[in-house]
Structures are given as structure tokens and as C-alpha cells.
Amino acid sequence: MVNKQTSLLIVDDNIDNLRSLAAILRLEGYKVRKAISGQVALETVRSHPPDLILLDIKMPQMDGYTVCSILKEDTTTCSIPIIFLSALNETADKLKAFAVGGVDYITKPFQAPEVVARVENQLRLQRLSQQLVVQNAQLLEEIQIRQQTEAALHQAVEQAEAANRAKSVFLANMSHELRSPLTGILGYAQLLQKDTDCTPLQHKGLSVIYQCGSHLLMLINDILDLSKIEAQKLKLFPDYIDFYLFLNNLVELFKFKAQEKKLQFVYFKLTSLPPEIYIDEKRLRQVLINLLSNAIKFTCQGSVTLKVSVRSCSYESNEYKLISSKLTGKAKKLFAKIRFEIEDTGIGIIPEKWENIFLPFEQVMERSHSPEGTGLGLTISQKILALMGSEIFLESCPNLGSKFWFDLDVYTPLSWADFNEIDDSQSQTLSQELGDESDQIINTLSPETEVVVPPLAELLLLYEAAQMGDVQNVQQQILRLQQLNSDYLAFVTQVLELANDFDYQDILKLIDKYYGDNVSLLRL
Ligand code: ADP
């Protein structure tokens with residue numbers, strides 16, 4: 001439909017042409033103006049720009065091409081579509097018309113329907129391109145607004161992070177300041193508790209002071225750690241540590257703690273372990289102590305188990321060493337993936353709480369019913385492990401127990417690889433060798449304990465009893481071996497633990513492990 005306001009300008013030096021064209025277009029409802037020369041056309045366009053121009057090419061003084069070029073150079077008139085009118089039908093002329101900025105071309109003598117169709121077509125295109133310009137402008141405006149919003153958001157996030165860091169720094173400083181006087185209070189409470197002149201009431205009071213102070217100190221230490229982590233101030237200080245000694249000390253500590261609660265503490269070394277690992281000892285100990293303490297805290301009967309194993313080993317290229325390798329032939333670092341598993345037979349955690357308990361101050365039970373604790377241990381452990389490039393996993397069943405585990409990628413001495421004959425060219429996955437857990441060879445003794453194994457002949461009856469699955473006989477054989485020589489204690493303890501769990505296949509495997517192929521002698 002023609003917009004009544006749409007104005008057209010026809011430029012032609014031939015009055016008849018002007019009239020006939022004007023008549024055709026007025027019939028269609030357009031407002032039509034006429035110009036008899038190029039010069040007049042330019043003046044009219046500048047004073048009242050039309051929506052479209054029909055421009056004759058051949059005119060005296062100033063031809064259509066010149067008029068078109070002038071209009072296209074002027075920013076106020078350049079977007080007006082121009083349709084050329086001419087009797088010329090040469091391709092070169094048409095090309096020139098388009099080259100100077102024309103949008104279409106009508107050949108004289110005019111056919112009314114063609115003129116109308118071409119004009120309408122150009123006006124529609126003009127409208128569309130105007131819409132496009134408007135939409136483009138809107139889009140640009142939207143982009144600009146979005147960019148501004150994003151910049152504001154970015155700034156707000158930066159400010160919030162800075163505020164958060166400032167809060168963490170403040171908390172870290174405050175916690176530090178609070179710790180010193182608190183140690184004084186705890187020290188004096190302990191001293192006064194030893195004073196025999198104190199009345200029972202005073203003793204009770206001192207014990208309350210000590211307990212409350214200890215809890216406060218624990219809370220302050222946890223807040224200090226957490227705020228250090230959040231302020232990105234917690235740094236790891238890895239070094240090569242004696243892994244056997246580290247585990248041994250941990251096991252001794254938790255054996256004692258478990259005994260206090262009449263729980264069994266079991267340590268399984270599921271695979272051969274490297275004697276040294278490169279790790280921040282203090283922080284690894286902190287994580288394990290937290291998980292093992294929780295296991296003991298939330299278990300009333302049964303056992304708490306720590307399992308440690310090497311899941312895989314691989315050599316990792318090191319750029320610096322790679323250069324030296326040309327000289328020394330040693331271009332690699334040995335990388336071991338060590339898994340730590342902490343299991344208990346305690347109260348367990350319902351699945352809906354599995355995620356929450358890693359959030360600060362989240363405890364499954366009401367605080368008043370919860371055994372001592374700050375609700376920060378798991379948050380800190382998770383963050384420390386994240387700093388070490390690891391994550392913590394949980395499986396738990398209410399009333400049956402929980403299992404937390406994590407894998408750590410650590411460097412170990414190359415000599416361990418030689419000892420374990422790990423192939424230089426490949427990554428060896430020990431877990432695959434281990435197969436499923438029931439097939440694992442279990443050594444529950446501390447790594448340093450020298451295991452004296454009874455001679456093969458002495459193991460015949462035990463082997464047979466285990467093969468038969470004869471409970472009573474296995475127990476008798478264990479007792480016999482124990483009485484035979486006290487040096488066999490370490491070995492007997494291993495067998496006993498397996499027998500207690502009715503793992504007779506593992507007893508056979510244990511004997512296989514020590515005697516290898518010679519075990520076939522027992523089978524004769
Ligand atoms: P805390 O032990 O000081 O309360 P944690 O962050 O270490 O804080 O643990 C958060 C909560 O997760 C505990 O309060 C407890 O409800 C739950 N939880 C952690 N470990 C165990 C576990 N082994 N068995 C059952 N619940 C656990």
C-alpha cells in the first residue's frame with residue numbers, strides 16, 4: 001500500500017515525459033514533484049528531500065550522471081534512491097548509471113505497470129534498509145548497554161572480591177591476635193589444675209575453662225586456616241618426606257584414639273608404597289587427621305579403617321631435565337597417584353547432606369547434639385586438597401558407615417621405580433593389576449615392621465585349613481605358629497586379621513606372596 005506522504009521527484013528536460021510519468025504515479029497515490037533540469041532538481045532536493053528520484057540521463061547543461069554524483073556525495077541526500085530514465089539501452093550506459101549510485105533503470109518509452117512496479121520495489125527496499133538501520137542502531141545501543149552492565153558487574157565482582165579478601169585478611173589477623181592470649185589462658189588453666197590446694201569445685205571450673213578454651217582455640221585455628229585459604233594466602237610447602245614414617249606416626253596416633261573409644265583401628269597398605277613422596281607434610285597430615293578424627297568421632301562401635309595404595313605410576317617429562325637427559329639419560333620424574341581411603345562403621349550421612357557437609361559450619365546434626373567440632377574441618381580439607389590438585393569423594397550409608405577418599409599425584413624418587421621395575425616407556429596402572437578389592441594382598445602391619453615368615457613346611461597345615469575354609473583349624477594353626485616362635489608375631493598378626501574377616505583366599509595369597517612359586521610344594 002502506498003503511503004500518502006511518499007513524495008517522488010521526476011527530473012526530465014522533456015515536459016511531455018514529465019507530465020505522463022507524473023500522471024501515472026499520482027494515480028497510484030504518490031505526491032509527485034517535477035524538475036525540468038539538473039540544476040532545478042538539486043535545489044529542490046536540498047530544500048525538500050523526496051523519498052525517491054526518477055532522473056533522466058540525457059539533459060542539457062547538467063546530465064543525470066552528474067546530478068546523481070553530486071547527490072551521492074552529499075551526506076544529507078546520499079541515501080535517496082535514484083532510478084535512471086533513458087531511451088538509451090546500452091549496457092555501458094546502464095553500468096555507468098549503477099556506478100554513479102543509481103539503484104535501477106527504466107527505458108523509455110515508459111510502460112506504466114513497469115514504472116509503478118520498479119518504483120514500489122525501490123521504495124520497499126528503501127523502507128527495509130531504513131528499518132535495518134534503525135534495528136542496527138538499536139542493536140548497537142543494546143550492545144553498548146550490555147557492555148556497560150558487564151563492566152559494572154565486573155567492577156562489582158572485583159569490589160566484592162576485594163572486600164572478601166579484606167575480610168579474610170582481617171579475620172586472619174584477628175585470629176592470630178586472639179591465639180596468643182588464649183594460649184596463656186589454657187596454659188594457666190592447666191597449671192592450676194595441678195594445684196592440690198584447689199577445691200573440687202575449683203577443679204571443675206578449671207576443667208570447664210580448659211575445655212571451652214580448647215574448643216575456642218580449635219575454632220580460631222580453623223577460621224585462621226579458612227581465611228588464609230580465602231585470602232589466597234595459604235601456600236603449600238612441599239618437600240620430600242619419609243612416607244613410611246609419616247603413615248606410621250598417623251597410625252600410632254589413631255590406634256590410640258580408637259582404643260579410647262573401644263573401636264578397632266585398621267591400617268591396610270594395599271600395594272607397595274614409595275618410601276618418599278614430595279608433598280606438604282603438614283597439610284596432608286591436617287587433611288588425614290580431620291578425616292580420621294571425624295571417622296572416630298562419628299563411630300560408636302566397629303572400626304575405622306585407613307587404606308593407602310598406589311593406583312598408578314608414570315614418568316613425567318621435565319623440560320629442564322629433558323635437556324640434561326641428553327647428558328645423563330635421566331629425563332623423567334616419577335609420578336605416583338596415591339589413594340587414601342578412610343572408612344568407618346559409624347552413623348553415616350544421608351545422601352541429601354553429602355554436598356552440604358563440605359560447606360563452612362555445616363553439620364548434619366543440630367549443633368547442640370553434635371559431638372565437639374567446628375563444622376570447618378571438611379571445608380578446609382577440601383580446599384587444601386584443591387590446592388594440591390585433588391578432590392575429595394564421599395560414599396555413605398546411614399547407620400552403616402561412611403567412606404571418604406582422595407587421590408594425590410605426587411613425585412617419588414626414581415629409585416622406587418627401579419625397585420618396582422616400572423617400565424620407562426609406559427604408565428603402569430597398578431590398580432588394574434590389583435583387580436577387585438577381594439583379590440588384594442593386604443598387609444596390615446606398619447611398613448617398617450620386619451616380617452619373619454615361618455618356613456614353608458610349618459605353613460602346610462595352615463595352608464590346608466585355609467583351602468578347606470576350616471575356621472577352627474585355621475585358628476588352631478595360627479595359635480600353633482604363635483607359640484612356635486615369637487619372631488613370627490608380625491606374620492601371625494597378618495594372618496589373624498584376615499582370619500577374623502574370614503578372608504581365607506587372602507591367607508592363601510599372603511603365603512603365595514612370600515613363597516611365590518615354591519608354594520606349589522605345599523600343593524603336592
Ligand atoms: P566437624 O566435624 O567439626 O563438625 P566437619 O567439617 O569435619 O566439621 O564435618 C562436617 C559434618 O559432616 C560433621 O558435623 C558431621 O555431621 C558430618 N561428618 C563428617 N564426617 C563424618 C563421618 N565420618 N560420619 C558421619 N558424619 C560425618
> Considering all heavy atoms of both residues, which atom of S402 and which atom of S396 are nearest to each other, and what is their separation?
Replying inline: OG-OG, 2.9 Å
> Side-chain contact, heavy-atom cut-off 4.5 Å: L216 with I185?
Replying inline: no
> So with a 6.0 Å cut-off around CD1 of I350, is the heavy-atom count from everything else above 12?
Replying inline: yes
> CG/L206 to NZ/K204 distance, rounded to the nearest 0.5 angstrom?
Replying inline: 12.5 Å
> Closest approach of F358 and L394, non-hydrogen atoms and distance?
Replying inline: CE1-CD2, 4.4 Å
> Thinking salt bridges, do E260 and K257 make one under a 4.0 Å N-O criterion?
Replying inline: no
> Which atom pair, heavy atoms only, marks the closest approach of P454 to L459?
Replying inline: O-CD1, 3.8 Å
>> Checking the side chain of T345 only, and the main-chain atoms of Q301 only, is there a donor and an acceptor separated by less than 3.5 Å?
In response: yes
> What's the verdict on side chain to side chain contact (heavy atoms under 4.5 Å, CB included) for D280 and L387, showing C-alpha distance, side-chain angles and the deciding distance?
Replying inline: CA-CA 11 Å; D280 184 326; L387 278 178; over 6 Å; no
> Taking side chain as C-beta onward, heavy atoms only, is V410 less than 4.5 Å from P238?
Replying inline: no
> Are any of the side-chain heavy atoms of Q286 and D225 separated by less than 4.5 Å?
Replying inline: yes
> Counting heavy atoms not belonging to K282, are there more than 12 under 6.0 Å from its NZ?
Replying inline: no
>> Any heavy-atom pair between the side chains of D344 and L263 that's under 4.5 Å?
In response: no
> Counting only N and O atoms by type, is there a donor-acceptor contact under 3.5 Å from the side chain of K261 to the main-chain atoms of K297?
Replying inline: yes
> Less than 4.5 Å apart, any side-chain heavy atom of F404 and any of N294?
Replying inline: no
> Can you check whether I380 reaches N290 side chain to side chain, under 4.5 Å on heavy atoms?
Replying inline: no
>> Could you tell me if the side chain of Y240 sits less than 4.5 Å from the side chain of I277, heavy atoms only?
In response: no
>> For a side chain to side chain donor-acceptor pair (under 3.5 Å) check, start with the C-alpha distance between R127 and Q130, then their side-chain angles and the critical distance, and finish with the verdict.
In response: CA-CA 5 Å; R127 269 197 306 277; Q130 275 166 359; over 6 Å; no
> Does any N or O in the side chain of T149 come within less than 3.5 Å of the main-chain N or O of I145, such that one atom is a donor and the other an acceptor?
Replying inline: yes
>> What verdict does the side chain to side chain contact (heavy atoms under 4.5 Å, CB included) test give for F246 and D242, after you've listed the backbone C-alpha separation in whole Å, the side-chain angles of each residue and the deciding distance to 0.1 Å?
In response: CA-CA 6 Å; F246 172 84; D242 183 334; over 6 Å; no
> Of all heavy-atom pairs between W405 and R339, which one has the smallest distance, and what is that distance?
Replying inline: CD1-NE, 3.8 Å
> Do the non-hydrogen side-chain atoms of F393 and E395 ever get within less than 4.5 Å of each other?
Replying inline: no
>> Run Q159 and Q155 through side chain to side chain contact (heavy atoms under 4.5 Å, CB included) and show every step you take.
In response: CA-CA 6 Å; Q159 278 172 353; Q155 202 183 0; 4.1 Å; yes
> CD1 of I241 to CD of E281: how many Å apart, nearest 0.5 Å?
Replying inline: 4.5 Å
> Between R283 and F237, is there a donor-acceptor pair closer than 3.5 Å when you use the side chain of the first and the backbone of the second?
Replying inline: no
>> Measuring from atom CG of L306 to atom CG of L288, what distance do you get when rounded to the nearest 0.5 angstrom?
In response: 6.5 Å
> Which class fits the ring pair Y411 and F335: parallel under 30°, tilted 30 to 60°, perpendicular over 60°?
Replying inline: tilted
> For L284 and F340, what are the C-alpha separation, side-chain angles and deciding distance, and is it a side chain to side chain contact (heavy atoms under 4.5 Å, CB included)?
Replying inline: CA-CA 11 Å; L284 176 60; F340 296 85; 4.1 Å; yes
>> Ignoring hydrogens, what is the shortest heavy-atom contact between L186 and S214? Give both atom names and the distance.
In response: CD2-N, 3.6 Å
> Is the closest side-chain donor-acceptor distance between K353 and N356 under 3.5 Å?
Replying inline: no
> What pair of heavy atoms forms the shortest contact from F406 to S390, and how long is it?
Replying inline: CB-OG, 3.9 Å
> Nearest 0.5 Å, what's the CG-CG distance between L378 and L359?
Replying inline: 10.0 Å
>> Measuring from atom CG of L217 to atom CG of D222, what distance do you get when rounded to the nearest 0.5 angstrom?
In response: 9.5 Å
>> Ignoring hydrogens and geometry beyond distance, is a side-chain donor-acceptor pair present between Q202 and D195 at under 3.5 Å?
In response: no
> Can the positive tip of K269 be found less than 6.0 Å from the middle of the six-membered ring of Y244, inside 45° of the ring normal?
Replying inline: yes
>> To the closest 0.5 Å, what do you measure between CZ (F254) and CD1 (I296)?
In response: 5.5 Å
